[in-house]
Amino acid sequence: MLHSATERKGEGVSLEAHTASVRQMMRACIQCGTCSASCPNAGAMDMTPRRIWRCVQMDSFEEIFTSQTFTLCSSCYYCSLRCPRGLQPADAMAALKCIAAARQMPQHRSSTLFYRYFLRSVRRNGRVHEMEVMTGYFAHMKNPLLPLRYASLGWKLTSKGKISLPRPARGKGKLDALFAKVAQVEEEN
Amino acid sequence: MENSNTALVVGAGISGIRAALDLAESGHRVVLVERAPHLGGILSQLDRQFPTNRCGMCRMLPAFERDAASQACLRRGLFHERIDIRLSTQITALSGAPGHMQVSLRTAPNGVDARRCVGCGECAEVCPVVVPDPFNAGLTTRKAIYQPVPHDRSTGYVIDVQACTQCGVCASVCPTQAIQLAQDGRRKFHILVVDDELVVRDSLKEWLLAEGYSVRMAASGAEALEMLSGQPVHLMLADIKMPGMDGVELLQRSRQILPELCVLMMTAYATVETAVEAMKMGALDYLMKPFDTAAMMDKVAAVFQEQMAEQDESIAVGAVILACGSDYFDPRRGKNPYGYGTCPHVLTQLEFERLLSGSGPFGGALLRPADRRPVGKIAFLQCVGSRDLQSDADFCSSVCCMIAIKQARLARERGGAQLAATLFHMDLRTAGLPYQRWGEAACEQDQLRLVRGRVHSLLADPASGDPVLTWLGPDGQITGETFDLVVLAVGQRPAQGLAPLAEMTGLSLNPWGFVRTQAHSLVRTDQAGILVAGACAGLKDINESVIQASAAAAEAGRILHATGGTLSVAADAARTPPRDLSADPPRIAVALCTCDGALNAEGAAAALEARLNQDPCVSRIVFLNRLCTDDGWRTLVDGLNDPQANRILLGACRSDAFTPRLRALVAENGLPSQMVEAVDLRIYDREPSAASRQARVATDLAMAVARLKHAEPVRPPGVSVVQHALVVGGGIAGMQAALSIAERGYLVTLVEKQASLGGNLHWLRQTLDGADLTALLADTIDRVAHQPLIHVHLQTEVQSAFGQVGHFYTTLAPAKAAPHILEHGVTVLATGCGEASTAAYGYGTHAAVVTQKELEVRLADQRIDPQQLGAVVMILCVASREAPRSYCSRVCCPTALKQALTLKRANPATAVYILYRDMMTCGFSETFFTQARREGIVFMPYATDAKPRVTADATQGPCIRTMDSILGADVEIRVDLLVLATGLVPELPPELATAYGAQLDEDHFFRPADFKWRPVEALTAGVFACGCALSPRGVAESIATAQAAAQKAVGILRRPTIAPDAVTATVRRSLCSLCERCIDACPFGARALSPEQDQVLINPAMCQGCGACAAACPNGAAVVSNYSAGQMLAMIAEVVKCDV
Amino acid sequence: MADKIDRNLSHSTVHVTLSTAAKPMRYLYYPGCSLEGTAVEYDLATRALMQALDIDVIDVAGWTCCGATAASGVSRLLALSLAARNLALAEAMHSDCDLLVPCSACYLNLQRAAHAMREEPQTRAAVNRILADEHLSVTGTVRVRHILDVLARDVGADTIASHVRRPLNGQTIAPYYGCQCLRPYAVFDDPQAPASMSPLIRAVGAEVLPWTMGPRCCGGAHMTTHMHAGMDLTGAILAAAKDADAIATVCPMCQINLDGFQKKIARHRGAVLETTVVYLPQLLGLAMGLGPHAVGLQRNLSVTASFKNALRSLEASV
Amino acid sequence: MVAAIEVHDHDLTAAFRTLSTAVLTLETIDAVFVPMRLPCGSAVMPTLVTDPAHLERIDPLAPSFALNAAKVVGQLTRNRKAGIGKIAVLLRPCEIRAFVELVKLNQGQTENILIIGSDCLGAFTNHDYFAFAQAKGEDASRIFYQSMLSGQEAVLEGINLSGACRACESFLPTGADLAVRLWGVATERHILLEAQTDKGAALLEKLQLPTGQVPSEREGVVHALVDQRTDYRDAMFAATAAAIGTLEKLAAYLSHCVNCYNCRVACPVCYCRECVFTTDLFDHDPLQYLSWAQRRGAVKLPTDTLFYHLTRMAHMSTACVGCGQCSNACPNGIDLMPLFRLVAHRTQGVFDYKAGEDLAAKPPLTQFKEDEFQEVVGIGE
């Protein structure tokens, strides 16, 4: 079972309900572009962060999710550092990632799956098992070439004694209770 | 307790000076205190101010009874008979009720006896301490002994006690022994150091001894207590963490023995909270370990200064005006320093101002301070520490946009056509009446580039060090550009001393630490008797500051009057009438201070005496020594005690400083003020040789003799005043003006053409911040009704008018009665304004398109139900801020926010879009802009070349199409309601204004004498305007203008006769060719052709002695008394050597 | 801002004798998942360095993942709960010690959680409900300290200098800070022009490479999800460090991005990019005389031969 | 509207006579004011004529410009209440300009007059004219205008136009109600009349003259003349500027002045009822002279010579129309005209003002403009 908060909601919840928190976060944006001018990934983005926030205000979430921009946020927090409105654009980007994950948007599988397998590992072990994450991620991406991109690194890591083979899953995850409780609390709210 | 008829004004910046002068002009006495050692506040550093690109501060000086005050550049000092100026002074206590308040004043000794200082500067020459000069915002340096404002010679030198090392060199060179160092005092100042660690005690002792204090030490609390009971201790430094008795306990117990003992706690980071607790128990402050020696010594020195200060002086006042200004945000402390402090090419606006100044580091040349390279590209970054929630600044600092525009224009003036300025902003706030055009001119004439957007951060180019800015262009492109210089518009912060002052007086502050004013008032605080003016209630431009200061003066005057103060006409009359000198030949008594022999170098005195004695009019010459001492002054008084002498010439150093006492002296002798001249004998001290110095001094004295010889003792008769005011217009401004005049005891006729009083308040219900306007209207009407001195004429219009200050004749035409003529002394025009009509955006074709006023009315009478509204668009700046109505109406943006929030709160499901050009939410109304965004109101800027398009068909509701620059596409919104902000247009008939001698500006508003300095009066005396007749403004601002206009009116009404001043124009009829050039030339309308058209007449009350007439008249028929051609030629003859 | 911080730093060092009583320094220690895996040498070096400096580190018993970037990409409450769990464990240890965190991502997550716990009572209540099952509760009062913060401000360059046995003379080090120890919480250094590493590098006898890439983003998890974007960012950093003998890092994510993909990035950029990348504690430890094995240098993915040679010759010269 | 008056026998003076007579015989006109040769000799003076018979001696094209008649026209019209009736005045362009200035200064009124202005052919100095008239007798004027209009050398008998006229580029009667066109017109056949104001048009209509047409060549002729005059003027300015560059040079330029104040009397725009130099201001105390002498060792008397000229420049340079009567009037041959024109040219330039050109333009010093001359008054820095 993967993380409930991301997977139980799924399609049943309206996009509007999902996006409410992002709207709340970025409503007060003044479109000054401070965030965008500082973004190290701006060059790779197909839409400026400022435009994303404009779309948030105008309720054009479809447009946001057709864009890859939010997945390109590397959480460097340059934007949050200087937002004159005191907003947290990096956090809002994370929130958009959450939505994409929760709604399992196919166009954002690459990012959301990675997070999902990461958390799956955390849930099971309490701590992250890097190899376990990668294995799960690569398997789910169903891209036979993808693992090769990381093959040399994986080999290097293993040879340096930095990766151990994942332990077999045994019954209850260490943080099952916490994940479940989070889901429960989120549900209530 | 008797009413002292005195007001206290705290702060001598522009607002303080304006308020003080206003009160003095209306006959009250004023004590003007300033914590800095100089007058002028921030404006002493700003040479030119928007929107005129020049100064003009002198225009604040009185227009009537000019002789009672100084009549020269205000930046060089101020004098007024009824204003007692106290520099380097703070208030330490304040108590009592309005009318009867007791204030304690404490003057910080600055080490120099101001009366003795001759301003020679020898002290600064030898002073070894060099510190950044705050006057030049740190761009230059000065010494520890210095002149606070270089162009203000009235203050002399002072010592910066923080920087002074007490070396004493200055005292040894001072020719007048004016310098008294605190060194001796320090030795008598005993400091007790209590710490269990020997190393700490030893280091502290060493440092403190080096600074000249006496030090004792104790290793424990118990030991300390013992020492306290035995010997005098002025200050105790106590460690918090000590074994046995800790610092806090020591504090408590020591204060039981010595309740007044000053204690500074010493603390490590871990125990800071304990230290803070200790401060609540009476510790003065704490010192943080590890010690910052310099900061620690500053704190100790501050305690020393405090304790050594002279005894507080207690004075009785009737009212207090706080005008203590504001401080500025330090970008270094901000989350975003924009390279300030690390990149040397980043300056604050104030620093840039000094850079541009002729008295700045490079004489006004536009060079980079760090490397003196000429500047080609400048970037102005707005909103640094303003409109920034990350620096707790959910407010706009109101003036920075205009300052940036001004500086861009100035820079262009200095840098020429190759200078390129770029201004980064989010909203260009050009909200004052003339500001829009000024901003447009900057773009058109000076090629100022405007960029809407904010720069994330400033990085220095690794190679050149030049600042590099990166921003997101409107098209979504990230742009990087290198500039030579970046100027930061740093925002306002509350003045340093405001919080303690508020605590002392119980004054409420707003969430940002500025003074909170009462609803509908810009000047009333929640403490009766304490009023506020200027930037301490939020930064303001000069225009608003001056209005607010006059309004505060009006309120203070009201309090003084209500509690028994008089307008002191009696005091004026009690002055000895000047002797009649008309028949006496000029006899000049000359008194010269030898300044301890400085004047008499190489026998110069004798030569001087010989030269002066050449003129038979010089009746005697007295040499005296040290006029600056009491003895010296006594010699002067005795020496001049000559009944024959009818003119006095004084030669001394820093003659300006003697003006007040000299004025008093000649008044006692029954001489009019023009019969005394003072010459500064030390002003040429920098001349290369003694000979040239003496020659110039001799020439100055000879010129003064010539001037005095021709001084004219006779003045034209005064102008009598009908002590009755007419107020035209019964809106809120008119009513307030009438009330403010009547409350000072003068009759007012209030004329309103409608059937009831109230004007626009009939349909306005509340303000953006929720203040109740309906209640305000009811209350004001009630107060007018119960004011016996106000005569209200409803349904009455002004049919015609003529006359001049003191005597206007106005024909009032009631709707249902015969016209009658009213005779009155002053006129206040409060004709208001109305919402502009429009045919744009489908207005008039579709019922769902309404104006802001219509929305206001329809919401009130429930013709519009917010529950029924799915979407609403508001379009701002409809036919405003572009030709021909190139001005901002100021009220529309706040109104839009108010209405949008109302709709959104009534129905959160309503989508509200505001289409704007620049949101003008200046000052603290910015917070509502933030609120509106938070509540989901969508703001979309539009450009004038891509305005929104509206299609309206009757079935569907209007559809608005607008270009969203962020999305780069048209957005289409179908709405149930389209609200248009059409702006305000004045309702002041030109013939009404001109009948009283006033003029209208190009937008048909009342043209003030000077937008900045004389904002509510016409250039023609006795005519005032208030409210929206002046320019568009909100209710509280209108009320302030009404109070200001009333204050000005009272300044005239209080005099039964306006006595002309010494410098007044007259006509020599025998020479006059009646060409009437003088009439055209007079800017004050003081000249007119007689009804018979055979002579030119002058109203001496209106004449300001400017001399424009004399310049226009070719044959000397227009004469300015005491600046007559004969007088001037005689003076010139003393200087000019060649034959002409 | 850098100016201000420098001044503070200099004060604390100049008068340090006055301020600190001779109490041994002690920290709670949160290694985080990476330090058990890909960044195991960071853990080794940190512990060794602390020991050499006579500073006690006490592991937070039973610590779990802070949530990393992944949790915040899924659910804020989950992210906060995962981090807060560790804060709660630390607080439960009833120590007045600060919490030392070497991993920047963990540091940010813990810092954020601490802030949220202190400033958002509602969130705190929700998290405490979640933690209640394990009988934990959190207040957010424990001070979360990044290892660079501790080294720069608590230990100080002077102390480091006094421990140096094998000065790294002639070596030029590029101080690389990355993002999350600087932003969004600017606790101990200028978030845009950081300088706190420089005195430490100079203290061990090395020179500081003058560059502006110190606070730039390495791309973080992009190397997994958006490889090209990640290689652009990391590549720019590696390219800028070409004149350095080594890059010093303080974050496992930065470290692996910088040292794990050098060949790939070199192909991507078409340039040779071979640079030694070491954790700052490794660098300091080496200078203080700890052996390469003691600081786990053999586990680093990119230590150039010339760096190793330099180390050997420095050792020989001692 | 253009009308023509025929010219017979190349007698342009006769055509002017025809015009004047026609005007005077109109009911609405009480008198004409024209230059007439005095019965007693060759002098041509402005004359007020009510009897057409006297127009026999009219001589508007004589190269004589004895005085600028603007002042006299001012005297005739200045009292609004006591107007002397409707007068048609025939003036040179520089006289019209001076009169316009006087009207602005309230020293004359336009209500009761009708200004007829003629293309100006220029004039000699008074001295030269006297000699020329002596030599040529009755034919003097005809010889002059024929020579001028035929484009031949203006120098006759070694006499050239006065300096003021040679430097005059404003020889067309801009401010006149009715303009007489001579330059570029076939004056052997006719002179042309053109109305420039409503008043002029009304008058022209009443005169019922045959219509005419301004020939296209005229423009070229006028242009060429303007260019020639402007060149001369600019050369004159350059030479004068060099000659007066310093206070000492200026004093030298004026050193022959004897304080007779003739230039002031001759100046059409010097309008003061009593000149400041004749008031008590310069009526110095006897002691004063001694005191000056003592301080400097010597003092030239009368004093205030340079000051007088500077004062006049200060007062009148904004109104100077360049008629040159100051030079004409100087008994000691000081060429004041180039000096005054130069100063006037520059002062009027900075105020963007041209004296006498436009009745509606306000004279510079009567307008209070805060923003002008910041660099001069010192608030600019």
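Here is how names work: the chains are called A, B, and so on, in the same order as the sequence lines, proteins then strands, and each is numbered from 1.
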Quiz item: Between A:K160 and C:N300, which heavy-atom pair has the shortest distance, and what is it?
Solution: NZ-O, 2.9 Å
Quiz item: Closest heavy-atom contact between C:R112 and A:D91?
Solution: NH1-OD1, 3.1 Å
Quiz item: Most heavy-atom pairs under 4.5 angstrom with chain A, which of C:I256, C:I130, C:V40?
Solution: C:I130
Self-check item: Heavy-atom closest contact (C:R183 atom, A:C76 atom, distance)
Solution: NE-O, 2.7 Å
Practice problem: Check whether any side-chain N or O of C:Q180 sits under 3.5 Å from a backbone N or O of A:S75 as a donor-acceptor pair, and report yes or no. | Solution: yes
Self-check item: Selection from A:V128, A:I99, A:L72 maximising heavy-atom pairs under 4.5 Å formed with chain C
Solution: A:L72
Practice problem: Grab the two heavy atoms, one from A:Y78 and one from C:R216, that are nearest each other, plus how far apart they are. | Solution: OH-CD, 3.9 Å
Quiz item: Are more than 12 heavy atoms from other residues, nucleotides or ligands located less than 6.0 Å from atom CD of C:E274?
Solution: no
Exercise. Could you check C:L77, C:D133, C:V127 and say which one makes a side-chain contact (heavy atoms from CB on, under 4.5 Å) with A:K181?
Key: C:D133
Quiz item: Which atoms of A:A94 come close to chain C, meaning under 4.5 Å heavy atom to heavy atom: side chain ones, backbone ones, both, or neither?
Solution: both
Quiz prompt | Over 12 foreign heavy atoms within 6.0 Å of CD, C:E119 | solution = yes
Practice problem: Compare every heavy atom of A:F118 with every heavy atom of C:G67, then report the nearest pair and how far apart it is. | Solution: O-CE2, 4.3 Å
Quiz prompt | Check against side chain to side chain contact (heavy atoms under 4.5 Å, CB included), C:R129 and A:E188 | solution = CA-CA 12 Å; C:R129 267 186 67 199; A:E188 286 167 20; 2.9 Å; yes
Exercise. Begin from the C-alpha positions of C:T64 and A:N125 and carry the test side chain to side chain contact (heavy atoms under 4.5 Å, CB included) through to its verdict.
Key: CA-CA 8 Å; C:T64 47; A:N125 310 309; over 6 Å; no
Quiz item: Judged by atom type as modelled, is there a donor-acceptor pair below 3.5 Å linking the side chain of C:R76 to the main-chain atoms of A:A95?
Solution: no
Practice problem: State the CD-CG distance between C:E134 and A:L175, to the nearest 0.5 angstrom. | Solution: 7.0 Å
Quiz item: Which one, C:G220, C:C218, C:A68, C:C217, leads in non-hydrogen pairs under 4.5 Å with chain A?
Solution: C:C217
Self-check item: Residue C:D259 versus chain A: region with a heavy atom under 4.5 Å
Solution: backbone
Quiz prompt | Region of C:Q298 that comes under 4.5 Å of a non-hydrogen atom in chain A | solution = backbone
Quiz item: Between A:S38, A:S121, A:C73, A:S21, which has the largest tally of heavy atom pairs under 4.5 Å with chain C?
Solution: A:C73
Quiz item: In Å, rounded to the nearest 0.5 Å, how long is the span from CG of A:N41 to NE2 of C:H222?
Solution: 3.5 Å
Quiz item: Between A:K97, A:K156, A:R127, which residue shows the highest count of heavy-atom pairs closer than 4.5 Å to chain C?
Solution: A:R127
Quiz item: Looking at C:L131, C:L182, C:L301, C:D232, which has the largest count of heavy-atom pairs under 4.5 Å with chain A?
Solution: C:L301
Practice problem: Indicate the atoms forming the closest heavy-atom contact of C:S75 with A:E186, along with that distance. | Solution: OG-OE2, 2.5 Å
